[in-house]
> 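Attaching a single structure in structure tokens format; questions to follow.
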Number of protein chains: 2
Amino acid sequence: MSPAGRAGRSRAGQGKLTRGCRRVLAVLEQTRELSSAQDIHGMLRQAEPEAPGLTTVYRSLESLVGMGLVQSVDLGDGEKRYEVVEPGEHHHHLICQGCGASVHLDQCLVEDLEKSIKAKYGFEISSHVLEVFGRCRGCLKSSTK
Amino acid sequence: MSPAGRAGRSRAGQGKLTRGCRRVLAVLEQTRELSSAQDIHGMLRQAEPEAPGLTTVYRSLESLVGMGLVQSVDLGDGEKRYEVVEPGEHHHHLICQGCGASVHLDQCLVEDLEKSIKAKYGFEISSHVLEVFGRCRGCLKSSTK
DNA sequence: CTTATAATGAAAACGATTTCCATTTGAATC
DNA sequence: GATTCAAATGGAAATCGTTTTCATTATAAG
């Protein structure tokens with residue numbers, strides 16, 4: 001029911017993490033890539049058959065997102081991805097349709113506009129989704145070659 | 001597999017529309033609101049039991065999006081919405097989490113940046129997704145009151 | 001009219017995510 | 001250490017929007 005999840009200034013990480021949360025966070029910190037819940041579960045189980053179940057992974061991700069330690073990214077293919085972020089921060093991506101690589105945008109286009117949107121539309125922003133698709137430098141080169 | 005769908009400059013509408021496409025388009029043009037495939041199907045069937053089936057609605061939407069007559073909008077709740085657009089155009093929304101209303105943004109923040117992103121990251125944009133969530137003027141008032 | 005092709009429909013299949021519910025874990029207390 | 005209760009966990013079943021499958025009709029040529 002919650003529309004989406006991406007925005008700044010949350011109450012960042014504190015409180016103790018459950019076992020599941022710690023395991024999930026560990027995977028995301030190592031990987032440093034956009035990973036789906038099932039990816040994460042797979043990696044955990046591969047390393048150890050007794051690792052947290054899929055349900056726990058989903059629940060852990062939900063908590064971590066709520067705590068602002070992880071952000072979820074919707075690439076529009078029906079499978080959400082997750083990645084660690086600076087507590088309470090967020091960022092957007094340039095996603096290459098050639099190789100799948102994703103580059104972080106170093107600034108948020110939307111935050112800059114919060115005030116002007118409030119002034120113009122009377123609309124108060126609480127979150128937003130922004131992802132950009134295209135071709136990265138490398139893939140542009142190889143297709144020209 | 002296709003990441004998402006939102007971007008400008010497509011080859012706009014030509015070619016003849018199938019029966020299904022015409023019916024779907026008619027609904028969207030009357031409604032002028034974000035509607036899901038199932039919404040559209042429901043409205044069609046309500047008006048006429050012999051109306052196109054759900055499968056055809058999905059296929060028609062796919063075609064219409066491809067032709068640039070309709071854009072799909074992902075609100076992150078697992079159900080895509082659709083709306084008519086100026087052929088080949090697109091736009092983004094401010095979506096109120098209070099009343100569900102959506103306001104069109106009158107300009108695309110991302111297009112303006114295509115050149116600078118190309119210059120800075122070497123990344124060539126082909127499409128993007130941008131939706132903003134929050135509270136509209138009306139809902140802000142009533143919650144203060 | 002005959003024929004090849006695209007469009008359509010209903011039902012089954014899919015697949016990520018949720019929900020159920022019984023079991024285990026952990027911390028607080030006795 | 002034993003007891004207790006709530007939170008965490010796991011596996012299987014259920015959800016649900018969307019896709020596939022496949023057999024049936026329009027549609028357009030020839």
Side-chain angles (χ1 to χ4, degrees), chain A residues 1-5 14-28 34-67 69-83 129, chain B residues 1-5 14-28 34-67 69-83 129:
Chain A
M1 204 119 290
S2 60
Q14 30 58 52
K16 34 212 64 52
L17 301 166
T18 66
R19 203 167 3 132
C21 284
R22 271 179 272 121
R23 305 295 300 278
V24 167
L25 202 50
V27 169
L28 286 176
L34 293 174
S35 313
S36 69
Q38 318 227 18
D39 287 342
I40 297 167
H41 179 245
M43 289 187 270
L44 282 170
R45 280 287 161 106
Q46 183 187 25
E48 175 204 343
E50 299 303 298
L54 189 53
T55 308
T56 297
V57 171
Y58 275 108
R59 279 187 288 229
S60 299
L61 285 168
E62 187 185 10
S63 307
L64 292 168
V65 170
M67 289 186 277
L69 300 177
V70 167
Q71 82 171 345
S72 82
V73 180
D74 190 339
L75 265 36
D77 63 352
E79 188 175 20
K80 279 181 191 146
R81 313 303 159 83
Y82 300 85
E83 75 185 326
V129 175
Chain B
M1 206 119 287
S2 60
Q14 32 56 51
K16 34 212 64 51
L17 300 167
T18 66
R19 207 166 359 131
C21 284
R22 270 179 272 120
R23 305 295 301 280
V24 167
L25 202 49
V27 168
L28 286 176
L34 293 173
S35 312
S36 70
Q38 317 227 21
D39 288 343
I40 296 167
H41 179 246
M43 289 187 269
L44 282 170
R45 280 286 162 105
Q46 183 187 26
E48 176 205 343
E50 297 305 296
L54 188 54
T55 308
T56 297
V57 171
Y58 275 108
R59 280 188 288 229
S60 299
L61 286 168
E62 187 185 10
S63 307
L64 292 167
V65 170
M67 289 184 278
L69 300 176
V70 166
Q71 81 171 346
S72 82
V73 181
D74 190 337
L75 266 36
D77 62 353
E79 188 174 20
K80 279 181 190 145
R81 313 304 159 82
Y82 300 87
E83 75 184 328
V129 175

> With a 4.0 angstrom cut-off to heavy atoms of chain B, pull out the first and last contacting nucleotide of DNA chain C, in 5'-to-3' order.
C:dA7 to C:dA11
> For B:Gly53 and B:His41, which heavy atoms make the closest approach, and how far apart are they?
C-CD2, 3.5 Å
> Taking all non-hydrogen atoms of both residues into account, name the closest pair between B:Ser36 and B:Glu79 and its distance.
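Closest approach of B:Ser36 to B:Glu79, heavy atoms only: OG-OE2, 3.2 Å.
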> Give every pair of a protein N or O atom and an N or O atom of nucleotides 10-19 of chain D that lie under 3.5 Å apart, one pair per line with the distance.
from: D:dG10; atom 1: OP2; to: A:Gly53; atom 2: N; distance (Å): 2.8
from: D:dG10; atom 1: OP2; to: A:Thr56; atom 2: OG1; distance (Å): 2.4
from: D:dG10; atom 1: N7; to: A:Arg59; atom 2: NH2; distance (Å): 2.8
from: D:dG11; atom 1: OP2; to: A:Arg45; atom 2: NH2; distance (Å): 3.2
from: D:dG11; atom 1: N7; to: A:Thr55; atom 2: OG1; distance (Å): 3.3
from: D:dG11; atom 1: O6; to: A:Thr55; atom 2: OG1; distance (Å): 3.3
from: D:dG17; atom 1: O5'; to: B:Gln38; atom 2: NE2; distance (Å): 3.4
from: D:dG17; atom 1: O3'; to: B:Gly78; atom 2: O; distance (Å): 3.3
from: D:dT18; atom 1: OP1; to: B:Lys80; atom 2: N; distance (Å): 2.9
from: D:dT18; atom 1: OP2; to: B:Tyr58; atom 2: OH; distance (Å): 2.6
from: D:dT18; atom 1: O5'; to: B:Tyr58; atom 2: OH; distance (Å): 3.3

> Check step by step if side chain to side chain contact (heavy atoms under 4.5 Å, CB included) holds for B:Leu28 and B:Leu69.
CA-CA 10 Å; B:Leu28 286 176; B:Leu69 300 176; over 6 Å; no
> Going by atom type alone, with no hydrogens or angles, which donor-acceptor pairs under 3.5 Å involve a side-chain atom of residues 55-67 of chain A and a protein atom two or more places apart or on another chain?
from: A:Ser60; atom 1: OG; to: A:Cys21; atom 2: N; distance (Å): 3.3
from: A:Ser60; atom 1: OG; to: A:Thr56; atom 2: O; distance (Å): 2.7
from: A:Ser63; atom 1: OG; to: A:Arg59; atom 2: O; distance (Å): 3.1

> Indicate the atoms forming the closest heavy-atom contact of B:Lys80 with A:Gly76, along with that distance.
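In this case the closest contact between B:Lys80 and A:Gly76 is NZ-O, 4.1 Å.
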> Can you tell me which residue pairs pass the salt bridge (charged side-chain N to carboxylate O under 4.0 Å, His left out) test with a partner in residues 36-52 of chain B, sequence neighbours excluded?
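Non-adjacent pairs meeting salt bridge (charged side-chain N to carboxylate O under 4.0 Å, His left out): B:Arg23-B:Glu48.
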> Could I get the full list of side-chain contact (heavy atoms from CB on, under 4.5 Å) partners for A:Arg19, not counting sequence neighbours?
A:Arg22
